[in-house]
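One structure is given here, and the rest of the page talks about it.
Computation of the quantities below employed the complete heavy-atom set of this structure, encompassing side-chain atoms and omitting hydrogens, waters and symmetry-equivalent molecules. Computed from a prediction, not measured in an experiment: that's the story for all the values here. One-based numbering, in listed order, for ligands and for the atoms of each. Sequential numbering from 1 along the given sequence is applied to the chain's residues.
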Amino acid sequence: MNFQKTQRLQKLPPYLFVELDRKKAEAISCGVDVIDLGIGDPDLPTPKFIVDRMVQAVQNPAYHRYPSSEGMLSFREAAAKWCKKRFGISVDPATEVVASIGSKEAIAHLPLAFIEQGDVVLVPTPGYPVYHIGTLFCGGETYYMPLTAENDFLPDLDAIPADVLKRARIMWLNYPNNPTAATAPDWFFPKVVEFAREHDIIICHDAAYSEMTYDNYRAPSFLETPGAMDVGIEFHSLSKSYNMTGWRIGFTVGNSQVIAALKQAKSNVDSGQFEAVQEAAIAALESDQSCIAEMQKIYTERRDTLVNGLREIGLDAPSPSATFYVWCPVPAGYTSAQFCAKVLEEAGIVTTPGNGFGEPGEGYFRMALTVSAERMKEAVERMRKIL
Ligand SMILES: *Cc1c(COP(=O)(O)O)cnc(C)c1O
């Protein structure tokens, strides 16, 4: 039998990390003590009070039945309260909040609600791959907005051609940004709101890193901007904020029309997240948030160890004020792929080549702050020896 795959699967971009994963597995099997700065997955455990709430909740028979697709009202209320406390924004738990099975799920499903064959979706590059893939699965066309050092890793809205704008229905944005670690300056979101109004575009802001901030930097919500509720929605995730990547829980808030359409699309493909997980997530959202301050402290120490170390050995490493990534130019004479291969083969360190996130990422490599400060020191020492 030959089972023919769909065009939409055949058109998927090649998984650029395959070769790197293979080399990493090979190094490990050869006994190399690999330091993995590749994946954006927190190494720290979920805070104990959240796990404890889960242990209790899992014993509640009421939670053993089908959940509601949109999420428990108590979860949506906790999410709304968290948004109010954290950003000062008011969202109605009934009509302006929906739970997600991790934000990736909502990001991938949102285009089902708005994208017809041939519609254009504006996607930042380098960027999180799911924005493009959700578009592709709906038969939409991706128009890439390059993020470069020259434009402070912000899309140049005025550079988008008029014929693209005519067909554009959605724009994805993500600040604090993965992979560049850029943050949005104060003037940017107001400009986006005006742009969205003018061109009738839904703004989808991915706020996965809103709590991963340092040095007193406070990441704004897109929805804090006057008029933003008229044009957009925001995707939140407990994955990075509370070290809960394995739990698969997040929520999306914002414009009621867009949220209603997302609920409709989602309710036809999923049946919501396990309510015990939602209850544990409520514990996280309603807590005093001291676990976030502790996380920020740990990442700040790791960041400083890595960035200072890299600078000492001659790399031009910027110090991020948000996210847990260092987005660093590769030394002269290397491509991203060449440099990452060298660092893995000669120093046993896994990093990610910038072009893996999109062509404008060429010339950079990304390191995740997901190992202890001690291991960071070791990583810098190993790099010193090979450079
Ligand atoms: C990690 C991440 C997410 C969150 O994914 P979850 O599905 O909520 O675990 C979303 N967007 C970006 C850019 C990310 O890096």
Side-chain angles (χ1 to χ4, degrees), residues 16-17 37-46 50 71 75 79 82 97-111 121-135 142 144-145 147 153-155 170-184 203-213 219 221-222 232-254 262 266 269-270 272-274 277-278 280-281 284-285 292 295 299 320 322-327 352 354 356-358 361 366-370:
L16 270 152
F17 308 121
L37 309 179
I39 309 167
D41 189 356
D43 58 310
L44 302 165
T46 305
I50 300 172
F75 173 76
W82 184 88
V97 184
V98 58
S100 63
I101 307 174
S103 61
K104 181 181 187 178
E105 175 269 311
I107 290 167
H109 281 143
L110 187 273
V121 177
L122 307 170
V123 173
T125 180
Y128 189 55
V130 188
Y131 313 138
H132 165 63
I133 288 165
T135 306
T142 296
Y144 282 113
M145 307 181 290
L147 307 183
F153 303 108
L154 300 167
I170 293 173
M171 177 189 285
W172 286 99
L173 294 171
N174 165 223
Y175 294 98
N177 183 260
N178 175 14
T180 69
T183 56
I203 303 302
C204 291
H205 184 238
D206 177 353
Y209 295 94
S210 69
E211 306 315 291
M212 240 182 206
T213 58
S221 163
F222 170 67
I233 58 172
E234 187 159 79
F235 297 77
H236 286 274
S237 169
L238 281 81
S239 286
K240 314 287 168 43
S241 312
Y242 302 98
N243 302 320
M244 291 177 76
T245 47
W247 298 62
R248 314 311 305 135
I249 185 75
F251 57 90
T252 308
V253 294
L262 176 59
K266 269 175 59 56
V269 284
D270 73 68
Q273 179 51 284
F274 184 22
V277 169
Q278 294 185 53
L285 294 169
I292 289 181
M295 164 193 79
Y299 287 128
T323 78
F324 59 172
Y325 303 114
V326 172
W327 182 247
T352 312
F357 301 98
R366 192 192 77 173
M367 287 159 287
L369 304 173
T370 48

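You'll find the side chain of W327 stays beyond 4.5 Å of the side chain of P320, heavy atoms only. Residues T323 and N177 fail the side-chain proximity criterion, which asks for heavy atoms closer than 4.5 Å. Between K240 and M295, every side-chain heavy-atom pair lies at or beyond the 4.5 Å cut-off.
With ligand atoms numbered from 1 in the order given, ligand 1 contributes 6 (P), 7 (O), 9 (O) to contacts under 4.0 Å with heavy atoms of R248. With ligand atoms numbered from 1 in the order given, ligand 1 contributes 4 (C), 6 (P), 8 (O) to contacts under 4.0 Å with heavy atoms of S237. Short contacts between ligand 1 and G102, defined as distances under 4.0 Å to a heavy atom of the residue, involve ligand atoms 7 (O), 8 (O). Listed by atom number, the atoms of ligand 1 under 4.0 Å from K240 heavy atoms are 1 (C), 2 (C), 3 (C), 4 (C), 14 (C), 15 (O).
By the 30° and 60° cut-offs, the orientation of the rings of W82 relative to F251 is perpendicular. Taking the six-membered ring where the residue is Trp, Y175 and H205 present parallel rings, their angle staying beneath 30° rather than reaching 60°.
Nearest protein heavy-atom neighbour of atom 5 (O) of ligand 1: S103 OG, 3.5 Å. Looking from atom 11 (N) of ligand 1 to the surrounding protein, the closest heavy atom is D206 OD2, 2.6 Å.
The residue among G250, A108, S239 with a heavy atom at the shortest distance from atom 6 (P) of ligand 1 is S239.
Exactly one residue among Y128, Y144, F222, Y131 makes a ring pair (Phe, Tyr, Trp, His ring centres under 6.0 Å) with W172. That residue is Y131. Tested against P124 for a side-chain contact (heavy atoms from CB on, under 4.5 Å), the candidates L154, L147, L173, D206 yield a single pass: L147.
Counting heavy atoms closer than 4.0 Å to ligand 1, residue Y209 contributes side-chain atoms (C-beta onward) but none from N, CA, C or O. Counting heavy atoms under 4.0 Å from ligand 1, residue N174 touches it through the side chain alone. Neither the backbone nor the side chain of E105 comes within 4.0 Å of ligand 1, counting heavy atoms alone.
Looking at ligand 1, you'll find an N or O of K104 within less than 3.5 Å of one of its N or O atoms.
A donor-acceptor pair under 3.5 Å is formed between the side chain of Q273 and the backbone N or O of R248.
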